[in-house]
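What follows is one structure encoded as structure tokens, with my remarks underneath.
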Number of protein chains: 2
Amino acid sequence: MVDTLATDVSDARERIKAAASRVFSTKGLDGARMQDIADEARINKAMLHYYFRNKQQLFEMIFEELLTRVFSALEALVADHASFEDRIRAFVSTQITIISEFPAMPLFVLLEARKDPELLSRKFVGKPLDMVRQRFSDMVDREVSSGRIRPVTFDQLFINILSLSVYPVVAEPMIRFVLGMESGAFQSMIENRKTLVADLIIRDLNPFSI
Amino acid sequence: MVDTLATDVSDARERIKAAASRVFSTKGLDGARMQDIADEARINKAMLHYYFRNKQQLFEMIFEELLTRVFSALEALVADHASFEDRIRAFVSTQITIISEFPAMPLFVLLEARKDPELLSRKFVGKPLDMVRQRFSDMVDREVSSGRIRPVTFDQLFINILSLSVYPVVAEPMIRFVLGMESGAFQSMIENRKTLVADLIIRDLNPFSI
DNA sequence: AAGAGTATCAACCATCTGGTTAAACTGTTT
DNA sequence: AAACAGTTTAACCAGATGGTTGATACTCTT
């Protein structure tokens, strides 16, 4: 019981963050009770305030870490030296995987971003967003002008990829209800989409299509 | 001030519902304060409880009316006698229009549906969901077997249409931030999508594509 | 004009919840 | 072993919030 201290310490912090992620993402910022998070992390409620000053700060920490993760997936879209097609395939697959881990996260991120419009800019300071956007934009333009893909605006392409990847995971309850799917069927459907969505996007970019 | 009673009565109810829609959809169920809704409706807080027993019932009323609206758009997808292509175009356009009116609605619908899994089935009783699904499914199968569209599962087609229509509107804050768009640019981008998404879907269904 | 039903309001209340505090416990340093 | 710093806990508190109440006003009917 000597060398466990250090790990215990970070353990508590990490347990809190993991617990907060779960609770926030299912109940939203306002719906989440500090007591819920404490229970989920198996600690005393006062410990939350010991490690994180208050609910808002705890929330912003979770929020920021999530953004960082999503952002790094974005960077993968422009960073490596694979073909355009392979990058899209990788991005779609990564995006679906990340979102599937906490399917309700985009819901509460977007809800909070609507409530507090400054939140995003506050949390994105220091992240090279402009650079990534520029790189992706250039990449698309290059593909277009070389005739490898048909003319598309980078904005709409980006939005299409994101929509097709993220929304189905987020909308699980509605989709399962409307389509009458069991949990297993839904999951394999999502798994299929990792290639299906990329196929659709790439097919759509084919300059000789139709 | 004589004949205004009847209208005032329904007026109060309607004002409350409209106000609750706005407040719920921007702040979520838990984030919305009864006082906020009262202020927004320009009435006394006690009036909320006069017209609606409690917060939950007010919420469920709003929720149900929204579902009904979305559902009737669904029915338009299978009801009229236009061509398959025209129906898809009409559905995409309608869907985007409806969602644009209360862009955060899907967020809180989905968040609440996750918190309370029975909510959807509770609110969908009596609505001919199975019939609509069957009709749409048959329609797709008919198009496929006649060779007018390439083989697709109706599930994935439905999900694709929904994702491409709904998500961009919902994700406005994130999209505008990441792509550096002003409000005006965003709105015209969404407007463009009414045809752009339908084009994409229809192009994708072309059996001779690629 | 009296009565009934409806609508409106200010004040009030019980409870929940985020946050605090002061004390106790743990391992480390001196 | 005593002082020390970091960690954990139970008990507590102030403010916010959903909901209630009892009185008052309005409108229509008779």
Side-chain angles (χ1 to χ4, degrees), chain A residues 1-64 108 111-112 115-116 119, chain B residues 1-64 108 111-112 115-116 119:
Chain A
M1 282 300 186
V2 177
D3 63 335
T4 52
L5 178 92
T7 44
D8 273 355
V9 170
S10 83
D11 222 46
R13 269 191 86 89
E14 291 310 312
R15 275 216 312 281
I16 291 174
K17 289 202 289 190
S21 291
R22 281 190 293 266
V23 177
F24 279 142
S25 75
T26 49
K27 304 196 173 184
L29 174 56
D30 295 299
R33 300 292 94 130
M34 293 300 265
Q35 190 61 58
D36 295 343
I37 298 174
D39 292 346
E40 180 87 14
R42 299 188 313 280
I43 54 157
N44 188 290
K45 181 164 75 83
M47 291 294 289
L48 292 182
H49 295 94
Y50 178 74
Y51 284 107
F52 302 89
R53 192 176 312 281
N54 54 36
K55 194 181 183 180
Q56 186 66 25
Q57 196 196 293
L58 176 56
F59 160 72
E60 299 222 357
M61 161 124 308
I62 305 294
F63 191 92
E64 190 164 0
F108 109 109
L111 202 59
E112 296 312 320
K115 279 194 268 185
D116 177 3
L119 187 63
Chain B
M1 282 298 187
V2 177
D3 63 334
T4 52
L5 177 95
T7 45
D8 273 356
V9 171
S10 82
D11 223 47
R13 268 192 87 89
E14 291 310 312
R15 274 216 314 281
I16 290 175
K17 289 202 289 190
S21 290
R22 281 190 291 267
V23 176
F24 278 142
S25 75
T26 49
K27 304 197 173 183
L29 174 56
D30 296 298
R33 298 294 94 132
M34 292 301 265
Q35 190 62 59
D36 295 343
I37 299 174
D39 292 347
E40 181 87 13
R42 299 190 314 280
I43 53 156
N44 188 287
K45 181 163 74 83
M47 292 297 288
L48 291 183
H49 298 282
Y50 179 73
Y51 284 106
F52 302 90
R53 193 175 309 280
N54 54 35
K55 193 181 184 182
Q56 186 66 25
Q57 196 197 296
L58 177 55
F59 160 72
E60 301 223 356
M61 162 124 306
I62 305 294
F63 190 92
E64 189 165 358
F108 110 108
L111 201 60
E112 296 312 320
K115 279 195 268 185
D116 177 1
L119 187 62

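Chain A is the first sequence line, chain B the second, and so forth, proteins listed ahead of strands; every chain is numbered from 1.
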Grab the [atom1]-[atom2] distance between [X] and [N] for me, whole Å please.
X: A/Met47; N: C/dT20; atom1: CE; atom2: C1'; answer: 15 Å
X: A/Leu48; N: C/dT20; atom1: CG; atom2: C1'; answer: 14 Å
X: A/Arg42; N: D/dT9; atom1: CZ; atom2: P; answer: 12 Å
X: A/Tyr50; N: C/dG19; atom1: OH; atom2: C1'; answer: 17 Å
X: A/Ile16; N: D/dT8; atom1: CD1; atom2: C1'; answer: 11 Å
X: A/Ile43; N: D/dA10; atom1: CD1; atom2: P; answer: 12 Å
X: B/Asp36; N: D/dG18; atom1: CG; atom2: P; answer: 8 Å
X: A/Asn44; N: D/dC12; atom1: CG; atom2: P; answer: 14 Å

Report, one pair per line, the protein and nucleotides 14-18 of chain C atoms (nitrogen or oxygen only) whose separation is under 3.5 Å.
{"unit_1": "C/dT17", "atom_1": "OP1", "unit_2": "A/Arg33", "atom_2": "NH1", "d": "2.8"}
{"unit_1": "C/dG18", "atom_1": "OP1", "unit_2": "A/Ala32", "atom_2": "O", "d": "3.4"}
{"unit_1": "C/dG18", "atom_1": "OP1", "unit_2": "A/Arg33", "atom_2": "NE", "d": "3.3"}
{"unit_1": "C/dG18", "atom_1": "OP1", "unit_2": "A/Lys55", "atom_2": "NZ", "d": "3.3"}
{"unit_1": "C/dG18", "atom_1": "OP2", "unit_2": "A/Met34", "atom_2": "N", "d": "3.0"}
{"unit_1": "C/dG18", "atom_1": "N7", "unit_2": "A/Lys45", "atom_2": "NZ", "d": "3.4"}

Worksheet item: Can you tell me if the side-chain N/O atoms of B/Tyr51 get under 4.0 Å from OP1 or OP2 in C/dT8?
Response: yes
Discussion item. Going by salt bridge (Lys or Arg N to Asp or Glu O under 4.0 Å), name the residues that satisfy it together with B/Asp116, two or more places apart in sequence or in a different chain.
Written reply: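 With sequence neighbours excluded, B/Asp116 shows a salt bridge (Lys or Arg N to Asp or Glu O under 4.0 Å) to B/Arg122, given in chain and number order.
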Enumerate donor-acceptor pairs with a distance under 3.5 Å from any side-chain N or O in residues 18-25 of chain B to protein atoms, sequence neighbours excluded.
{"unit_1": "B/Ser21", "atom_1": "OG", "unit_2": "B/Lys17", "atom_2": "O", "d": "3.0"}
{"unit_1": "B/Arg22", "atom_1": "NE", "unit_2": "B/Glu40", "atom_2": "OE2", "d": "2.6"}
{"unit_1": "B/Ser25", "atom_1": "OG", "unit_2": "B/Ser21", "atom_2": "O", "d": "3.0"}
{"unit_1": "B/Ser25", "atom_1": "OG", "unit_2": "B/Arg22", "atom_2": "O", "d": "3.1"}

Item to complete: Please confirm whether the backbone N or O of A/Leu29 pairs with a side-chain atom of A/Lys55, one donor and one acceptor, at under 3.5 Å?
Response: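 Indeed, once roles are kept as given, a pair shorter than 3.5 Å links the two residues.
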Fill in: Lys/Arg N to Asp/Glu carboxylate O, A/Lys45 vs A/Asp36, below 4.0 Å
no
Worksheet item: Below 6.0 angstrom between ring centroids: does that apply to A/Phe108 and B/Phe108?
Response: no
Discussion item. Given the ring of B/Tyr51, does B/Arg15 sit roughly above its face, with NZ or CZ under 6.0 Å from the centre of the six-membered ring and within 45° of the axis?
Written reply: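 Output no; distance or angle outside limits.
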